[in-house]
Amino acid sequence: MQEIHTTADLITAAAGDPLIVWAGQGFAPGVRAWYDGSAVAVASPELSKRDRLAVAGPPDAVARLITSIDAGTSYRPFGEEDLIRELSDRVPGLEFSAAFGWMDTAEVPAVTTTAAWLDGDDGVEALLTEASPESYAWPGRSGVRRWAAISADDGELLSVAADAWSAPEIGFLAGVTTRAVARGKGLSQQVCGFVTAELVKRHGRAGLMVDRDNPAAIAVYHRLGYTYRRVAAAHF
């Protein structure tokens, strides 16, 4: 087992896997990574609300790796669903938590939209409280950088999305929320298209996480060029 100290080495160890590279967060303070043969693990604190341990590789090798590193039990293994299910059976004390989706794209979507970055975050918290109280991204939360919105003529926010937990090599879309009275008008696709384009232009790729039982959202992201992967998380 060896520790990884640079993004370039992490990209090599993970064969460029966007999920692993995203978890590396450009080796921001507190991030650590290791590899052992074809197994790789990245411990990233407070990444999309959780202490995450992104993993990839053969189940036997990953199981050995995560039992030999000193990440701490607050870190939740996160990766391909089949791998996480295997690890939950192999690693003592590890329990399967949930399955969901990871989506990413390197395409700049062609979207006509009035969405724009907000100067601050006025009105975002009220909209999330009303329409998406379980959102992981909130104004002022660690890693949440800026918000984009489509607004009504009177300035009321109708649909928002955040640039949150972005890594230098892959931007991250989160906090997608549309006011109930404005749904069904394609506003979420417009604001997500705007943020996706901005993230791809800046980082080269954009990613997000989505509930697998939310086909409407998945369809929107597919139309914007994202591809879907089955992922899951576990906890100690």
Side-chain angles (χ1 to χ4, degrees), residues 10-11 14-25 40-42 44 47-50 52-59 62 76-88 96-111 113 115 132 134-137 143 148 159-167 169-178 183-184 186-235:
L10 178 61
I11 292 172
D17 184 335
L19 187 152
I20 300 297
V21 175
W22 170 70
Q25 291 288 292
V40 61
V42 182
S44 194
L47 179 61
S48 187
K49 195 180 176 181
R50 309 288 189 193
R52 298 188 184 272
L53 184 66
V55 293
V62 175
R76 298 187 172 206
F78 164 57
E80 295 282 355
E81 181 178 350
D82 290 345
L83 172 60
I84 298 302
R85 290 190 183 278
E86 286 273 357
L87 294 177
S88 299
F96 188 87
S97 295
F100 44 100
W102 162 274
M103 302 184 76
D104 63 76
T105 182
E107 299 178 15
V108 176
V111 176
T113 178
S132 187
E134 296 182 357
S135 173
Y136 278 19
S159 186
V160 300
D163 168 1
W165 306 292
S166 288
E169 304 77 16
I170 179 166
F172 197 74
L173 171 68
V176 179
T177 306
T178 299
R183 291 174 185 166
L187 299 186
S188 63
Q189 180 167 327
Q190 290 185 43
V191 74
C192 289
F194 170 79
V195 175
T196 298
E198 293 286 297
L199 294 177
V200 172
K201 290 174 185 176
R202 180 171 181 174
H203 302 277
R205 184 173 291 273
L208 58 87
M209 288 189 283
V210 62
D211 290 337
R212 66 177 182 177
D213 59 354
N214 189 347
I218 293 170
V220 167
Y221 302 136
H222 275 310
R223 289 194 292 271
L224 294 174
Y226 286 84
T227 56
Y228 184 91
R229 291 170 62 183
R230 293 168 47 241
V231 296
H235 66 276

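Atom CH2 of residue Trp22 and atom NE2 of residue His203 lie 13.0 Å apart, to the nearest 0.5 angstrom. Rounded to the nearest 0.5 angstrom, Ile20 CD1 and Ile11 CD1 are separated by 12.0 Å. Rounding to the nearest 0.5 Å gives a distance of 8.0 Å between OG1 of Thr196 and OH of Tyr221. Here CZ of Arg230 is found 5.0 Å from CG of Asp82. Values are rounded to the nearest 0.5 Å. A distance of 10.5 Å separates CZ of Phe78 from OG of Ser44, quoted to the nearest 0.5 Å. Distance CG/Leu83 to CG/Leu87: 4.5 Å, rounded to 0.5 Å.
Residues Ser48 and Tyr136 come closest through the heavy atom pair O-CD2, 3.2 Å. Here the closest heavy-atom approach between residue Val195 and residue Ala148 is recorded as CG2-CB, 3.5 Å. Of all non-hydrogen atoms in Gly225 and Thr105, the two that sit nearest each other are O-OG1, 3.1 Å. The minimum heavy-atom distance between Ala197 and Val108, with the atom names listed, is CB-CG1, 3.8 Å. Nearest approach of Ala234 to Ser88, heavy atoms of both residues: CB-OG, 3.9 Å. In this structure, Thr177 and Ser132 approach most closely via the heavy-atom pair OG1-CB, 3.3 Å.
No side-chain heavy atom of His235 sits under 4.5 Å from any side-chain heavy atom of Arg50. A 4.5 Å side-chain heavy-atom check between Phe172 and Met209 finds at least one atom pair inside the cut-off. Inter-residue side-chain proximity for Leu10 and Val40 is flagged as met; some heavy-atom pair is nearer than 4.5 Å. Leu173 has its side chain out of reach of Met103: every pair of non-hydrogen atoms, C-beta onward, lies at least 4.5 Å apart.
Listed for the Asp211 side chain is no donor-acceptor partner under 3.5 Å among the backbone atoms of Asn214.
The pair Arg205-Glu169 does not count as a salt bridge, with every side-chain nitrogen at least 4.0 angstrom from each carboxylate oxygen.
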Determine whether Gln190 and Phe194 satisfy the following criterion, side chain to side chain contact (heavy atoms under 4.5 Å, CB included), listing intermediate values before the conclusion.
CA-CA 6 Å; Gln190 290 185 43; Phe194 170 79; over 6 Å; no
Carefully, step by step, assess Leu19 and Ile170 under the rule side chain to side chain contact (heavy atoms under 4.5 Å, CB included).
CA-CA 9 Å; Leu19 187 152; Ile170 179 166; over 6 Å; no
Apply the test side chain to side chain contact (heavy atoms under 4.5 Å, CB included) to residues Asp163 and Glu198: give CA-CA distance (whole Å), side-chain angles for both, the deciding distance (0.1 Å), then the verdict.
CA-CA 9 Å; Asp163 168 1; Glu198 293 286 297; over 6 Å; no
Glu107/Val200 under side chain to side chain contact (heavy atoms under 4.5 Å, CB included): CA gap, chis, key distance, verdict
CA-CA 7 Å; Glu107 299 178 15; Val200 172; over 6 Å; no
